[in-house]
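This report concerns only the one structure given below.
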Amino acid sequence: MPEKPIFGKYELGKLLGCGAFAKVYHARDINNGQSVAIKVINKTNISNKETLPDKHIEREITILRQLRHPYIVKLHEVLATKTKIYFVMEYVKGGELFTQISNKGKFNEDLSRKCFQQLISAVNYCHSRGIYHRDLKPENILLDENGDLKVSDFGLSATTDQIQSFDGLLHTVCGSPAYVAPEILTIKGYDGTKTDVWSCGIILYVMIAGYFPFYDQNLMLMRIPVSEMDVFRCQTDIISSFDINPATRITIEEIIRDPWFRKGLKFIKFTEDEENKDSLISNCLNAFDIISLSPGLDISGLFKSNNPMDDLERVVVEESPESVIEKVEEVAKKENFRLKKKKECGIEMKVQNGKLTMNLDVYRLTERLVVVEVQKIGGDADLYKHVWRNKLKPLILKIEDSDS
């Protein structure tokens, strides 16, 4: 690693951990002395798409910059050189939950419950924003100096846009064998919320019991005991509700209502308006997002050398996100475009028998301004330019002109 500060800002310290594609270091911000953790990815490791596709790193950055929760590790910024990518993240001093369990053997019930409450809070927050972790395990959960939990490593996470339209499920087989939900190992697909809940149940079991309910290094052999097991048991009734059948498995809403879970529960405030936190628009732009809107600082440039900006365009309008979407829907209905609405203020559009697929997303910039981002996902480039420049863009700009 370089002896001089990275970008003249961060001094690297000791190695905290090492994975297949990245190393994590303790570092210090020389401007304010703040400790941070820096995840260093060598670009040569992501050039081979069979090992670590570019899109996985891009997705992790996109997901992390959306998440602001006290029990999720915070991403401060992303930096890059010609050979490396640097994730500058919150430094969590206490280390992995896995290490703590290994040292203690097991947690007492009160400590297990506290950690489980914080884990469910973080996972519920992710699910409310259409994000599924898919690799929850003690190795990916950190504890700070106060004993509070921090969920990390969203490299295998999925978002709602990865859900297959034909069945409404995810299909990528991923996760760690000891914590993976049984339905992930089938070819039928799975619900990301239910698989995350299963992993949370295994983590709770391990904290209380000090060992796995089942385990096998061979993923295929592990299918046998998991599939034949009705439920796993422990001294708390709630664990018996983590059914192998996803249809009857306990939900997060049911967990939160459970008397065992609610004992000593501390409600956290992580927004300015706790009473209205569920109604707050989650696709507001923060400073990180605004900076990344610059073509010269576009995150995708960290991974791809050929990212034509002709396929991506943004305009700023003085209008609400809902009004912009309504106007676009009017055009789509008139032109017979096929639309698929996203969870947030966004639309996927298919034009002329699937010859073109494009995304339109609306982000709130200020109380009165929004950014409209349109991108060609696939198909005819000339058709994309025609639809955007002649059909959609004039209408969107007309919205702005009518209000000014």
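Hydrogens, waters and symmetry mates are skipped; everything else that's a heavy atom, side chains included, is used.
For Thr159, the side chain to side chain donor-acceptor pair (under 3.5 Å) criterion is met by Asp161, not counting sequence neighbours. For Asp167, the side chain to side chain donor-acceptor pair (under 3.5 Å) partners are His171, not counting sequence neighbours. The ring pair (Phe, Tyr, Trp, His ring centres under 6.0 Å) check on Phe261 picks up Phe116, with sequence neighbours excluded. For Tyr91, the ring pair (Phe, Tyr, Trp, His ring centres under 6.0 Å) partners at least two apart in sequence or on another chain are His26. Residues forming a side chain to side chain contact (heavy atoms under 4.5 Å, CB included) with Glu96 (at least two apart in sequence, or on another chain): Phe98, Thr99, Glu139, Leu142. Residues satisfying the side chain to side chain contact (heavy atoms under 4.5 Å, CB included) test with Asn336, not counting sequence neighbours, are none. For the side chain to side chain donor-acceptor pair (under 3.5 Å) test, no residue two or more places apart in sequence or in another chain qualifies with Asp29. Scored by the side chain to side chain donor-acceptor pair (under 3.5 Å) test, Gln162 finds Arg59 as partners (sequence neighbours excluded). A search for side chain to side chain contact (heavy atoms under 4.5 Å, CB included) contacts involving Leu339 returns Glu329, Ala332, Ile347, Met349, not counting sequence neighbours. Scanning for side chain to side chain contact (heavy atoms under 4.5 Å, CB included) contacts around Glu253 gives Thr251, Arg257, with sequence neighbours left out. Under the ring pair (Phe, Tyr, Trp, His ring centres under 6.0 Å) criterion, Tyr190 pairs with no residue, sequence neighbours left out.
Residues Cys174 and Arg134 are in side-chain contact: their nearest non-hydrogen atoms beyond the backbone lie under 4.5 Å apart. With a 4.5 Å cut-off on side-chain heavy atoms, Ile252 and Val197 count as touching. Between Tyr71 and Val151, every side-chain heavy-atom pair lies at or beyond the 4.5 Å cut-off. The shortest side-chain heavy-atom distance between Ile203 and Leu136 falls under the 4.5 Å cut-off. The shortest side-chain heavy-atom distance between Val92 and Leu143 does not fall under the 4.5 Å cut-off. Residues Leu170 and Ile163 form a side-chain contact, since some pair of their non-hydrogen atoms from C-beta on lies under 4.5 Å apart.
Closest heavy-atom contact between Lys106 and Ala209: CD-O, 3.8 Å. Among all heavy-atom pairs drawn from Leu156 and Gly175, the shortest one is CD1-N, 4.0 Å. The nearest pair of heavy atoms linking Glu373 to Arg314 is OE1-NE, 2.7 Å. Closest approach of Val374 and Tyr384 over heavy atoms only: O-OH, 3.4 Å. The minimum heavy-atom distance linking Cys115 with Leu149 is given by the pair O-CD1, 3.4 Å. Here the closest non-hydrogen pair linking Leu169 and Gly189 is CD1-C, 3.9 Å.
Salt bridge status for Lys39 with Glu60: present, with a side-chain N to carboxylate O gap under 4.0 Å. With respect to Glu313 and Lys376, no salt bridge is recorded, no charged nitrogen being found less than 4.0 Å from a carboxylate O. Look at Glu11 and Arg28 and you find a salt bridge, because one of the NZ, NE, NH1 or NH2 atoms lies within 4.0 Å of a carboxylate O, short of that distance. A salt bridge links Lys391 with Glu335: at least one charged nitrogen is closer than 4.0 Å to a carboxylate oxygen. The residues Lys150 and Glu90 are annotated as salt-bridged, a charged nitrogen and a carboxylate oxygen being separated by less than 4.0 angstrom. Taking a cutoff of 4.0 Å between a charged side-chain nitrogen and a carboxylate oxygen, Glu348 and Arg338 do not qualify as a salt bridge.
Between the side chain of Asn140 and the main chain of Asp135, a donor-acceptor pair closer than 3.5 Å is present. For the pair Arg249 (side chain) and Ile244 (backbone), a donor-acceptor distance under 3.5 Å is present. Between the side chain of Ser176 and the backbone N or O of Tyr179 there is no donor-acceptor pair closer than 3.5 Å. Checking side-chain atoms of Lys194 against main-chain N and O of Pro246 turns up a donor-acceptor pair under 3.5 Å.
The ring pair (Phe, Tyr, Trp, His ring centres under 6.0 Å) contacts involving residues 143-162 comprise His133-Phe154, where partners must be two or more places apart or lie in separate chains.
With values rounded to the nearest 0.5 angstrom, Leu395 atom CG is found 6.5 Å from Lys327 atom NZ. Here CD1 of Ile208 is found 5.5 Å from CD of Glu109. Values are rounded to the nearest 0.5 Å. Here the OG-CD1 distance, from Ser199 to Ile141, works out to 9.5 Å after rounding to the nearest 0.5 Å. Atoms NZ and CG, on Lys114 and Leu265 in that order, are 12.5 Å from each other to the nearest 0.5 Å. Separation of atoms CD1 (Ile255) and OG (Ser241) is listed at 8.5 Å; rounding is to 0.5 Å. Note that the CD1 atom of Ile57 and the OG1 atom of Thr62 stand 11.0 Å from one another [nearest 0.5 Å].
Taking the six-membered ring where tryptophan is involved, the planes of Phe7 and Tyr86 are perpendicular, since the angle between them exceeds 60° and thus also 30°.
Annotation: Tyr211, atom OH; neighbour count of heavy atoms from other residues, nucleotides and ligands within 6.0 Å does not exceed 12.
For the side-chain contact (heavy atoms from CB on, under 4.5 Å) with Met89, the lone residue among Val36, Val73, Val24 that qualifies is Val73.
Remark: the Thr83 side chain and the Asn42 side chain contain no N/O donor-acceptor pair separated by less than 3.5 Å. Using a 3.5 Å distance cut-off with no hydrogens or angles, the side chains of Lys350 and Thr357 do pair a donor with an acceptor. Between the side chains of Trp198 and Glu183, not a single donor N or O lies within less than 3.5 Å of an accepting N or O.
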*Could you walk me through whether Arg113 and Leu204 pass side chain to side chain contact (heavy atoms under 4.5 Å, CB included), step by step?*
CA-CA 8 Å; Arg113 178 170 29 235; Leu204 175 60; over 6 Å; no
